[in-house]
Amino acid sequence: MKFSTLSLLFTNLATVSAFAPTLMGSRLNTQLDARKPFISGNWKLNPQTKEEALTLASEIASQVTETTPDADIALFVPYVFIETTMDAVGGKIEIGAEGVCPEIKGAFTGAVSTSMLDSVGVKWALAGHSERRVIFGETDEYINGQCLKLMEQGMSVMLCIGESESEYEANLAGAVCALQLKKGLKGISKEDMSRVAIAYEPVWAIGTGKVATPEVAQSVHETCRKILAEMYDQETADATRILYGGSVTPDSIDELMKQPDIDGALVGGASLDSAKFGRIINFKV
């Protein structure tokens, strides 16, 4: 992630809480349990064929049973597999897009618009994933354009935010999240926030096998909720689902989901393994 000046980060430090981990009671003991959990997978540039996508989606859908927790479940898949996976999951799982162009039509080779996605039944799309920010150079302004266009189309967005390892070690995680939230959600009304989910993804934990402890993840989510309360109001902040993403595994999901401000997970590698993702879908608290 690139920022024009570090001063923006330090300015935001004054508006967010300190980042010391705090132990919290389980989500079953809080008033925040009204937020419906949201478990999602991001396939990224996987799998390699339509047949593999069909098999994987079918196997994942079979993991959703009568005993599965009452949660929203989604898979964000490559564009070319959207309709195939929709057919495969039989309505058990929402199929979303991994991104979208903030333009509707025109000379934008390789782009996919919100109207195109909407026309095939897609209701959710990712915006702001760290790989899009770092590898493809998508800026906060571009990401905001994606969010606004999805709102305009009547769709929903999962806005991804998170800090690099060096930013985390410099205690800038809260400032980075504040900056990305404020820029990404610029122009989005309180009313439209019902169609927004936030995915906190510490960049240093994506694909590395490293996972923030549940207590550290909880402290970041709590800070993000405070930022949303400052941007909108407490009611909106309390209603917004904030997911954790960063090498989520079957071994880590239960403790993460016990945290009061962690409302779900955006899962990368483990969503390519039906047994592992099935265990994550069937989390226990």
Side-chain angles (χ1 to χ4, degrees), residues 27 33-100 112 114 116-127 129 150 153-160 194-199 239-245 248-254 256-258 262-285:
R27 64 185 300 113
D33 198 42
R35 291 189 299 271
K36 189 176 184 180
F38 193 169
I39 304 296
S40 59
N42 176 17
W43 281 3
K44 306 185 181 185
L45 191 59
N46 301 289
Q48 298 308 301
T49 68
K50 177 180 177 179
E51 291 72 24
E52 290 173 343
L54 178 62
T55 298
L56 178 57
S58 299
E59 290 177 349
I60 290 174
S62 72
Q63 300 286 335
V64 182
T65 68
E66 293 180 356
T67 62
T68 297
D70 183 20
D72 287 331
I73 305 169
L75 287 172
F76 294 96
V77 306
Y79 299 126
V80 295
F81 296 146
I82 285 174
E83 292 185 280
T84 296
T85 52
M86 280 183 173
D87 292 339
V89 301
K92 284 186 172 182
I93 297 171
E94 190 78 29
I95 301 301
E98 294 180 12
V100 69
V112 173
T114 54
M116 292 174 183
L117 293 174
D118 193 19
S119 73
V120 297
V122 172
K123 297 303 177 188
W124 280 88
L126 297 177
H129 193 282
L150 286 162
Q153 191 70 36
M155 298 170 69
S156 299
V157 64
M158 186 176 293
L159 173 63
C160 303
S194 63
R195 292 186 285 119
V196 174
I198 305 299
T240 302
R241 291 181 291 184
I242 306 177
L243 287 63
Y244 175 76
V248 177
T249 68
D251 294 330
S252 64
I253 187 61
D254 293 346
L256 287 168
M257 291 303 294
K258 289 178 182 177
I262 297 180
D263 303 312
L266 178 58
V267 183
S271 70
L272 299 173
D273 184 311
S274 60
K276 289 181 179 179
F277 195 55
R279 174 62 182 84
I280 292 171
I281 290 170
N282 291 284
F283 62 89
K284 304 179 190 308
V285 292

Counting N and O atoms only, with roles assigned by atom type, does the side chain of [X] sit under 3.5 Å from a partner on the main chain of [Y], one being a donor and the other an acceptor?
X	Y	result
D118	T114	no
S252	V248	no
S274	A57	no

Please report the closest heavy-atom contact between [X] and [Y], naming both atoms and the distance.
X	Y	value
I281	I60	CD1-CG2, 4.0 Å
A97	L117	CB-CD1, 3.7 Å
S271	G41	CB-CA, 3.7 Å
F283	I253	CB-CG1, 3.8 Å
M158	F38	CE-CE1, 3.7 Å
D273	A275	OD1-N, 3.0 Å

Can you measure from [atom1] ([X]) to [atom2] ([Y]) and round to the nearest 0.5 angstrom?
X	Y	atom1	atom2	answer
R35	I242	CZ	CD1	7.0 Å
I39	L243	CD1	CG	7.0 Å
I95	I82	CD1	CD1	8.5 Å
L256	Y244	CG	OH	6.5 Å
E51	T84	CD	OG1	8.5 Å
N42	L266	CG	CG	5.5 Å

Taking the side chain as every heavy atom from C-beta outward, state whether [X] and [Y] have any atom pair closer than 4.5 Å.
X	Y	result
T249	K276	no
L56	L75	no
V100	V112	no
S156	K123	no
D263	P37	no

*Test salt bridge (charged side-chain N to carboxylate O under 4.0 Å, His left out) applied to D254 - qualifying residues, sequence neighbours left out*: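 With sequence neighbours excluded, D254 shows a salt bridge (charged side-chain N to carboxylate O under 4.0 Å, His left out) to R279, given in chain and number order.
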
Report task. Scan for salt bridge (charged side-chain N to carboxylate O under 4.0 Å, His left out) pairs involving residues 73-94, sequence neighbours excluded, and state none if there are none. Result ->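 Every candidate salt bridge (charged side-chain N to carboxylate O under 4.0 Å, His left out) pair involving residues 73-94 fails, so no pair, neighbours aside, qualifies.
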
Q.
Considering only residues two or more places apart or on different chains, which pairs with a residue in residues 57-76 satisfy salt bridge (charged side-chain N to carboxylate O under 4.0 Å, His left out)?
A.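 Checked against salt bridge (charged side-chain N to carboxylate O under 4.0 Å, His left out) - neighbours excluded - the pairs reaching residues 57-76 are K36-D70, K36-D72, D72-R241.
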
